[in-house]
There are 2 protein chains.
Amino acid sequence: MDTNTLRKYATDINAFYMKNRRMPSYSEMLDIFDLRSKNAVFKRIASIVKKGFLEKDQKGKLLPKRLIKPLRLLGSVSAGFPSPAEEELQDVMSLEDYLITNPQSTYLLKVEGDSMIKAGIHHGDLILVEKNRTPKTGDIVIAQVDNEWTVKYFEQKGKRVFLKAANEKYPTIIPTQELVIAGVAIASIRKYK
Amino acid sequence: MDTNTLRKYATDINAFYMKNRRMPSYSEMLDIFDLRSKNAVFKRIASIVKKGFLEKDQKGKLLPKRLIKPLRLLGSVSAGFPSPAEEELQDVMSLEDYLITNPQSTYLLKVEGDSMIKAGIHHGDLILVEKNRTPKTGDIVIAQVDNEWTVKYFEQKGKRVFLKAANEKYPTIIPTQELVIAGVAIASIRKYK
DNA sequence: TTGACAGGTGAACGAATGTTCACTATACTT
DNA sequence: AAGTATAGTGAACATTCGTTCACCTGTCAA
């Protein structure tokens, strides 16, 4: 069977996995592939696995393909860039697993403005925000000031709280009334181009 | 059974899921829980589900509670932080889907050093690197210079190629011999501790 | 002291699982 | 024209699955 077709089939299975958070059984693949016989599914999966688009674990259970393959260190001197051969040996990890501990309360926000530019957060960047987290000094928070939502550094001295921009041209804010903190930034992400 | 104990059990199952990318069967849970009877597992899972620490899907299959949940992409910061009611309306997306177009050739690397600090890339940041991509002027590339792998800006003027650091204290490099470009950065990620 | 109850064991059940076998239909060689 | 490879069907298989049943044990309140 054509390689591209097999790749598409693997994608269909991954789509099921994304939606249902588990791999489909062969019976369920009858529907996915519009087939009548489980044996047809069996052969099809065998081809897909042979091509390497999907894998099975030690118990023969089909595994979802991970989007991100390796997390690897780019050493300043020695490490070098990995060759395809090394890849297989490496541990794999999901970017989302790595960044997110509480998916339920984690959001992705787009930053506007340049008030955090000194912190490496530019206009257009995304930040992962976790709600329901009490900020500590130094944390980057999303706070409501004068009915506007802004990204600031959070600082606490005793009982007093400041919101500091990472850009001199913005003033430090000392909240007069109640301060509303929507969440704490746990990661920032910039996509190029 | 004690609520905290049940929560711990759910965590154990999630640990299995993280490691194996699938939920364990009841037989496998015998080992996880150190039990002899599948019925004990059955009752335990029932309690966990009742408490809401885990869920079952329509087909009665156990679902992982937290992983691979799509992220909710919210508007910009200035647009305000969403209320729970609004959340439902928003687009749902996977961070990895958003950032990555070619999973096969995309890697996650850790940056060392401060040569890109002006570009908002700090020591310890992660960058997503796509191999097999021809860099354009302005791209951030991972290049080999004097047997060292470094992160630099790529610049091309006619036939001449420069590697520029985003930090004045590093010199611009004009490659003498063949330049090895390992990949082009497509995103950078910083995790806050 | 009794009885309810939570939490475990071991055996059994039907249903679903992945796999194999025998066979058919179609397309492509030679 | 005959032969071969590919991809499908349908039925059967042993194994594993989640679930249910009957029973055992220790704890604790009445």
Side-chain angles (χ1 to χ4, degrees), chain A residues 1-67 88 92 94, chain B residues 1-69 104:
Chain A
M1 191 171 280
D2 181 66
T3 298
N4 272 333
T5 313
L6 287 178
R7 184 180 288 119
K8 188 199 162 302
Y9 289 154
T11 308
D12 290 342
I13 291 178
N14 267 327
F16 183 101
Y17 178 79
M18 291 289 185
K19 193 175 173 205
N20 301 92
R21 280 185 278 173
R22 61 176 175 84
M23 293 302 262
S25 69
Y26 284 15
S27 311
E28 288 166 328
M29 290 187 212
L30 289 178
D31 291 334
I32 296 178
F33 292 144
D34 192 31
L35 292 172
R36 248 67 48 198
S37 164
K38 272 202 293 176
N39 180 258
V41 174
F42 177 75
K43 291 176 184 171
R44 198 171 276 192
I45 292 298
S47 306
I48 292 174
V49 169
K50 199 172 179 185
K51 281 280 179 190
F53 296 139
L54 288 176
E55 282 172 286
K56 291 188 173 187
D57 65 10
Q58 305 90 327
K59 295 192 102 187
K61 311 239 181 194
L62 211 53
L63 288 177
K65 186 104 190 172
R66 294 178 221 228
L67 281 179
E88 315 301 328
V92 287
S94 149
Chain B
M1 191 170 283
D2 181 67
T3 298
N4 272 333
T5 312
L6 288 178
R7 186 180 287 118
K8 188 199 162 303
Y9 289 154
T11 308
D12 291 342
I13 292 178
N14 268 326
F16 183 101
Y17 178 79
M18 292 224 217
K19 193 174 173 209
N20 302 90
R21 295 261 128 188
R22 62 176 175 83
M23 295 301 263
S25 69
Y26 283 16
S27 310
E28 289 167 327
M29 290 187 212
L30 288 178
D31 290 335
I32 296 177
F33 292 144
D34 191 31
L35 292 171
R36 248 65 49 198
S37 165
K38 274 202 292 177
N39 181 259
V41 174
F42 178 76
K43 290 176 185 171
R44 200 170 274 192
I45 291 298
S47 306
I48 292 173
V49 170
K50 199 173 178 184
K51 281 280 179 189
F53 295 140
L54 288 177
E55 283 174 282
K56 292 188 174 187
D57 66 9
Q58 305 90 325
K59 294 192 107 187
K61 312 238 180 196
L62 211 53
L63 288 177
K65 181 79 182 186
R66 14 191 251 101
L67 289 177
I68 314 295
K69 178 154 186 184
Q104 260 79 354

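FYI, side chains are in, hydrogens and waters are out, and symmetry mates aren't considered; it's all heavy atoms of this structure.
To the nearest 0.5 angstrom, A/N14 atom CG is 6.0 Å from A/M23 atom CE.
When the C1' atom of D/dG8 is taken as reference, atom CG of A/D34 falls 12 Å away, rounded to whole Å. What separates CG of B/L62 from P of D/dG18 is a distance of 9 Å, to the nearest Å. Rounded to a whole Å, the CD1 atom of A/I45 is 14 Å from the P atom of D/dA7. We find that CG of A/D57 is positioned 14 Å from P of D/dT16, with the value rounded to whole Å. In this structure, the CG atom of A/N39 is 16 Å from the P atom of D/dC13, given to the nearest Å. For B/L63 and D/dG18, the CG to P distance is 13 Å, given to the nearest whole Å. With rounding to whole Å, A/I48 atom CD1 is found 12 Å from D/dA7 atom P. One atom, CZ of A/F42, and another, P of D/dC13, lie 18 Å apart when rounded to the nearest Å.
Phosphate contact (OP1/OP2 of D/dA11, side-chain N/O of A/S37, threshold under 4.0 Å): absent.
For the pair B/Y9/B/I32, no side-chain contact is recorded, criterion being any heavy-atom separation below 4.5 Å from C-beta on. B/L62 is listed as a side-chain neighbour of B/M29, based on a closest heavy-atom distance under 4.5 Å. With contacts defined as side-chain heavy-atom distances shorter than 4.5 Å, the pair B/K59/A/E28 qualifies. The side-chain heavy atoms of A/K38 and A/L30, taken from C-beta on, include a pair separated by under 4.5 Å.
Residue A/L35 is in sugar-phosphate contact alone, with no base atom involved, counting any heavy-atom pair closer than 4.0 Å across all strands shown.
Protein chain A touches strand DNA chain C; the 5'-most and 3'-most nucleotides with an atom under 4.0 angstrom of its non-hydrogen atoms are C/dT17 to C/dC21.
Between A/E55 and B/R21, none of the side-chain N atoms (NZ, or NE/NH1/NH2) sits under 4.0 Å from a carboxylate O, so this pair counts as no salt bridge.
Sequence order on DNA chain C of the closest nucleotides to A/S25 and A/K43 puts A/S25 first from the 5' end.
Set against D/dC17, D/dT20, D/dG10, the side chain of B/K38 has D/dC17 as its closest nucleotide.
Residue side chain B/K61 does not reach the base of D/dG18 through any donor-acceptor N/O pair under 3.5 Å, judged by distance alone.
When only modelled atom types and interatomic distance are considered, A/N4 and A/K8 share no side-chain donor-acceptor pair under 3.5 Å.
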